Amino acid sequence: MNRTFKMSDVLDILDVERPQTPEISKESIIDGRKKKKKLTEVTFKRPEGMHRELYALLYSDNKDKPPMFITDSDQGYKQNKAKLGIKRVRPWKWMPFTNPARKDGVIFHHWRRIEDEAEEYPFAKFNKTTQIPEYTDDEYIQHLQCEGWTRQETDHLFDLCQRFDLRFIIIQDRWDRTRFPNRSIEDLKERYYNICNILAKVRAVGNVEPKLIAYDADHERRRKEQLIKLYDRTPEQVEEEQTLLNELRKIELRKKEREKKTQDLQKLITAADSSQGETKRLEKKGPKKKVVQQKNIKAENTSVDSAGIKFADFKGSGVTLRSQRMKLPASVGQKKVKVLEHLLKELDLEQNPIPSEEVCQNFNELRSDMVLLYELKLALANCQFELQTLRHQTEALTPEKKEVESVSSVTPNIQNGVKGE
């Protein structure tokens, strides 16, 4: 009897210890063939329609949430670890200091690094002072004397300019009114700048042009007067001014509209005159020349560019229908289309005639002239309406003139009646 021995049976017969290995079975073989599932990281896919820059702002590399406030980190929204230096902290000291801008020598205190103790106060560089010119007795006698100003008053002015650093509002407030007459700010400025300009001219060396200070005291006085008047206006005056400004804007808008209407009307008249002149010129040449000229025009230009309607130009390659030349362009409004249909119906003409060469040309010219005629009539009606409105406004503003005209119109009728009798 045939028998198939397993490896485990042989080992049992020979009394050999078997290694502690798992027994091979069908289940173990099938489980071993199964592929191990790879653990994949969760990836965030950018939504459709979202720009890459916006997605980068919403999600960083670590997929952490965006911060609640603006950060100054160079690496975006990543949390940087604190980098602590190994150097010793620089010591600070509560030390006194003086401000060079003050002349009273007062001492202040503040925190400062010990290494900067010997340095000057850092804000002293912003202490800019104005150099006030000085004059001698000879310069004043020869060049600086002025009617209405004494030497003592001029010296007092320059002393205040030196003390208050050309702050003329304070200078005018500190002016000694017990010794000198009261002076306005414009008077003080004018006297000071005139002296500065005169000294600059006198002390100029060679042909070097001195830098002069331009100051117009009269202009400053008028400017302040206008500001005072503007400030002292009553609410009624402000409202009246606003009303006048609104009326001025309306007048300017009506003026622009009138000018635009005049230009459009002039274009229509010019187009009508040019079309009439062209028609008369073609009629004088005779029928044969007219037909030849029309054929030449059709060969050169396949479009009809008229004053009323500009039809489409078919110059591209390819097959086109002749009826497309009679199609109204999109620039023609629905109102004009209805007007054309009404006029063609009155003339007992077809809306879509047979599109031969001559019919296309003449039909387009006819409709263009119809549109031109319609626009001229519309412009005429608008002008008549405006004229009638202006006439009524004139009669309302000047009723006396209306009565005189009515009397003058009645007098000839009475005379005619007397003659008839």
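Small disclaimer: the values here were computed from a predicted structure and weren't measured.
- Minimum interatomic distance between Glu153 and Gly148 (heavy atoms only, all atoms of both residues): OE1-O, 3.8 Å.
- Using modelled atom types, one side-chain atom of Asn197 and one backbone atom of Ile213 make a donor-acceptor pair closer than 3.5 Å.
- Between Asn182 and Gln172, some side-chain heavy-atom pair lies under the 4.5 Å cut-off.
- Under the 3.5 Å distance criterion, with hydrogens and angles disregarded, no donor-acceptor pair is assigned to the side chains of Asn194 and Arg191.
- Counted within 6.0 Å of NZ on Lys224, heavy atoms from surrounding residues, nucleotides or ligands total more than 12; the atom is thus considered enclosed.
- Side-chain contact between Ser356 and Phe363 is absent, with no heavy atoms from C-beta onward closer than 4.5 Å.
- Atom CG of Leu227 has more than 12 heavy atoms from other residues, nucleotides or ligands within 6.0 Å.
- For Tyr231, the OH atom sits in a loose shell: 12 or fewer heavy atoms of surrounding residues, nucleotides or ligands are nearer than 6.0 Å.
- For CD of Glu259, the number of neighbouring non-hydrogen atoms (other residues, nucleotides, ligands) closer than 6.0 Å is greater than 12.
- Arg102 and Phe108 make their closest contact through CD-CE1, 3.9 Å (heavy atoms, listed as atom of the first residue, atom of the second, distance).
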Checklist entry - What do the steps show when you test Arg221 against Asp187 for salt bridge (charged side-chain N to carboxylate O under 4.0 Å, His left out), and what is the final call? => result CA-CA 10 Å; Arg221 293 188 186 98; Asp187 296 335; 2.5 Å; yes

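- Side-chain contact between Cys161 and Leu157 is present, with heavy atoms from C-beta onward closer than 4.5 Å.
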Next on the checklist: Test side chain to side chain contact (heavy atoms under 4.5 Å, CB included) on Ile132 and Leu166; report intermediate values, then the result.
Outcome noted: CA-CA 9 Å; Ile132 306 299; Leu166 291 183; 3.8 Å; yes

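- A side-chain donor-acceptor contact under 3.5 Å links Asn364 to the backbone of Cys360.
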Next on the checklist: salt bridge (charged side-chain N to carboxylate O under 4.0 Å, His left out) for Arg223 and Glu220? Distances and angles first, verdict last.
Outcome noted: CA-CA 5 Å; Arg223 183 180 67 84; Glu220 285 295 311; 2.7 Å; yes

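- Within the structure, salt bridge (charged side-chain N to carboxylate O under 4.0 Å, His left out) contacts touching residues 229-240 (residues at least two apart or in different chains) are Arg233-Glu241.
- Heavy-atom neighbours of Arg177 CZ from other residues, nucleotides or ligands within 6.0 Å: above the threshold of 12.
- Side-chain contact between Thr154 and Leu144 is absent, with no heavy-atom pair separated by less than 4.5 Å.
- With values rounded to the nearest 0.5 angstrom, Arg112 atom CZ is found 8.5 Å from Phe97 atom CZ.
- For Asp155 and Arg151, the salt-bridge test passes: some basic side-chain N is under 4.0 Å from an acidic carboxylate O.
- For CG of Leu390, the number of neighbouring non-hydrogen atoms (other residues, nucleotides, ligands) closer than 6.0 Å is greater than 12.
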For residues 113-125, tabulate all N or O donor-acceptor pairs below 3.5 Å that involve a side-chain atom, not counting sequence neighbours.
none

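- Nearest heavy atom pair, residue Ile107 against residue Pro96, reads CG2-CB, 3.7 Å.
- Applying the 6.0 Å contact sphere to NE2 of His51 captures no more than 12 heavy atoms from other residues, nucleotides or ligands.
- For the pair Leu366/Leu349, a side-chain contact is recorded, criterion being any heavy-atom separation below 4.5 Å from C-beta on.
- For NE2 of His342, the number of neighbouring non-hydrogen atoms (other residues, nucleotides, ligands) closer than 6.0 Å is 12 at most.
- Residues Glu186 and Lys189 are not paired through a salt bridge, judged by the lack of any N-O separation under 4.0 Å between the basic side chain and the carboxylate.
- To the nearest 0.5 Å, atoms CD (Gln142) and OG1 (Thr136) are separated by 8.0 Å.
- Using a 4.5 Å cut-off on side-chain heavy atoms (C-beta onward), Leu199 and Glu139 make contact.
- For the pair Lys260 and Lys256, the minimum side-chain heavy-atom distance is 4.5 Å or more.
- Sequence neighbours left out, the pairs with a member in residues 380-390 that pass side-chain hydrogen bond (donor to acceptor under 3.5 Å, both in side chains) are Lys261-Glu386, Gln388-Arg391, Gln388-His392.
- How far CD1 of Ile170 is from CD1 of Ile185: 10.5 Å, rounded to the nearest 0.5 Å.
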Item to check | Evaluation steps, side chain to side chain contact (heavy atoms under 4.5 Å, CB included), between Leu160 and Asp176 | outcome: CA-CA 10 Å; Leu160 292 176; Asp176 191 355; over 6 Å; no

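- Nearest heavy-atom pair across Leu188 and Ile171 is CD1-CG2, 4.1 Å.
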Checklist entry - Would Val371 and Arg367 satisfy side chain to side chain contact (heavy atoms under 4.5 Å, CB included), going step by step from the backbone distance to the final call? => result CA-CA 6 Å; Val371 172; Arg367 289 186 294 175; 5.6 Å; no

Next on the checklist: Would His156 and Trp175 count as a side chain to side chain contact (heavy atoms under 4.5 Å, CB included) here? Give the steps.
Outcome noted: CA-CA 8 Å; His156 179 56; Trp175 185 257; 3.6 Å; yes

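- Minimum heavy-atom separation, Tyr140 to Trp149: OH-O, 3.9 Å.
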